[in-house]
Amino acid sequence: MSQDGMNSNISLQQIIPIGDSFGVTLTEIMLAHLRVVEWEEVQVEMRKDELVITRIGSPSSPESMKQEFFEVYSEPLDSVRPTMTNVKSE
């Protein structure tokens, strides 16, 4: 078990050179766990002794939309219908 009490899968991965940078190999199981695909952007956070890779989602995925978007557009249409009627009749 990991420090947070959840089961963790630990594997040794290689650091490989990629041009002037370096990469870490990830297995298909790791990509599936994060629900990411090849070439998708992820967030990498540097902590004291670790790197944390987080899925950020694609721009068109609902997961990547900010909550404020849904709050603004969650207002019922009935509340704006009088305004829409006034615009139509002018």
Side-chain angles (χ1 to χ4, degrees):
M1 287 212 171
S2 66
Q3 291 176 350
D4 62 7
M6 298 178 66
N7 289 331
S8 65
N9 294 314
I10 299 173
S11 67
L12 298 176
Q13 301 304 118
Q14 292 185 336
I15 297 175
I16 57 173
I18 304 173
D20 292 335
S21 299
F22 297 91
V24 176
T25 58
L26 301 176
T27 66
E28 287 184 19
I29 293 171
M30 292 174 181
L31 295 180
H33 176 75
L34 282 174
R35 295 179 294 134
V36 297
V37 294
E38 190 175 318
W39 296 106
E40 186 172 342
E41 289 184 341
V42 293
Q43 176 179 301
V44 179
E45 179 184 353
M46 292 189 322
R47 295 186 183 170
K48 183 178 178 184
D49 292 328
E50 61 188 3
L51 295 176
V52 178
I53 301 172
T54 307
R55 176 180 183 267
I56 57 175
S58 64
S60 61
S61 72
E63 296 91 359
S64 66
M65 293 182 152
K66 295 193 179 291
Q67 184 60 35
E68 294 86 22
F69 173 85
F70 295 104
E71 290 170 1
V72 168
Y73 292 102
S74 65
E75 185 178 324
L77 280 177
D78 290 339
S79 66
V80 295
R81 194 171 310 283
T83 304
M84 293 169 57
T85 304
N86 289 340
V87 169
K88 183 179 177 183
S89 64
E90 288 180 356

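At a threshold of 4.5 Å between side-chain heavy atoms, the hydrophobic network of Ile, Leu, Val, Met, Phe, Trp and Tyr places Val37 and Ile56 in two separate groups. Hydrophobic clustering (side-chain heavy atoms under 4.5 Å, transitive across Ile, Leu, Val, Met, Phe, Trp, Tyr) keeps Val52 apart from Met46. Cluster membership for Ile53 and Ile29, using ILVMFWY side-chain heavy atoms within less than 4.5 angstrom, is not shared.
Scanning for side-chain hydrogen bond (donor to acceptor under 3.5 Å, both in side chains) contacts around Glu45 gives Arg47, with sequence neighbours left out.
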Validation: residues 10-20 side-chain donor-acceptor distances under 3.5 Å, sequence neighbours left out:
| unit_1 | atom_1 | unit_2 | atom_2 | d |
| --- | --- | --- | --- | --- |
| Ser11 | OG | Gln13 | OE1 | 2.9 |
| Gln13 | NE2 | Thr25 | O | 2.9 |
| Gln13 | NE2 | Thr25 | OG1 | 3.1 |

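Remark: Glu28 CD to Met30 CE distance equals 12.0 Å, nearest 0.5 Å.
For Glu38, the CD atom sits in a loose shell: 12 or fewer heavy atoms of surrounding residues, nucleotides or ligands are nearer than 6.0 Å.
With hydrogens and angles disregarded, no donor-acceptor distance shorter than 3.5 Å links the side chain of Arg55 to the backbone of Val36.
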